[in-house]
Amino acid sequence: MNKRVAILISGGGSNMVSLVQSMTGDHPARPCVVVSNVPGAGGLAKAEGLGVPTACVDHKPFGKDRERFEKALNDVLHAHAPDIICLAGFMRILTPDFVAGWEGQMLNIHPSLLPLYKGLNTHARAIEAGDAQAGCTVHEVTAALDDGPILGQARVDIAPGDTPDTLAARILPFEHQLYPAALRRFANGERTPIYLG
Ligand code: GRF
């Protein structure tokens, strides 16, 4: 029986597209819904074009009431009964209670070589630090931000003169390889990390 995968986005959804397009043939999972917290996010139209059900739970009307937003988000998610949730450019911080409700079922892709550079502006920080390499990490989501067990990483050299944008653009194709590979292993119950680049 295929695992059902919900994908949460906030923007263009290029990682979501890669994940959806990877779930074919003998892949043990299939996308069941794409949910955005941003109405009109570009990824919603892409998901519809790929034939994946979509939903939007706009976080703005909930203001600072994270719990009520997450209740509305969970109502949508549970209606689609996912086995796995993939955060893919989902830009809301989730409360420990929400994460606990999906313990062991939720993945995220973070644009750094965790545990380095948790949080935001990861590429700028790597460049600023004079690091030789940067990259991306797929990890299980736990209550602590960007901190769960690592499921995969891809490394990319930082080039002289790189800006955060040029570095991000060079890393993104690796994200599109890494996340589908990590999801397939996760859906197969494999937990040893995969390393690319
Ligand atoms: C990616 O850079 C990813 O590392 C980060 O947010 C961005 C999402 O881009 N989590 P997209 O919406 O998947 O194109």
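Each ligand, and each atom within it, is numbered from 1 in the order the structure gives.
- Hydrophobic clustering, with ILVMFWY side chains joined whenever heavy atoms are under 4.5 angstrom apart, keeps Met16 apart from Phe174.
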Show the distances, to 0.1 Å, for all pairs joining an N/O atom of ligand 1 and a protein N/O atom that are shorter than 3.5 Å, listing one pair per line.
from	atom 1	to	atom 2	distance (Å)
ligand 1	2 (O)	Glu175	OE2	3.4
ligand 1	4 (O)	Glu175	OE1	3.0
ligand 1	4 (O)	Glu175	OE2	2.9
ligand 1	10 (N)	Ile109	O	3.3
ligand 1	12 (O)	Gly13	N	2.9
ligand 1	13 (O)	Ser14	N	3.3
ligand 1	13 (O)	Asn15	N	2.9
ligand 1	13 (O)	Asn15	ND2	3.0
ligand 1	14 (O)	Ser14	N	2.9
ligand 1	14 (O)	Ser14	OG	2.5

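- The OG atom of Ser36 lies 8.0 Å from the CZ atom of Phe90; values are rounded to the nearest 0.5 Å.
- The backbone N or O of Lys3 sits nowhere less than 3.5 Å from a side-chain atom of Arg30 that would complete a donor-acceptor pair.
- Taking a cutoff of 4.0 Å between a charged side-chain nitrogen and a carboxylate oxygen, Arg170 and Asp162 qualify as a salt bridge.
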**OP:** List the steps, then state whether side-chain contact (heavy atoms from CB on, under 4.5 Å) holds for Ile85 with Val5.
**Re:** CA-CA 6 Å; Ile85 295 177; Val5 177; over 6 Å; no
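- A search for side-chain hydrogen bond (donor to acceptor under 3.5 Å, both in side chains) contacts involving Ser18 returns nothing, not counting sequence neighbours.
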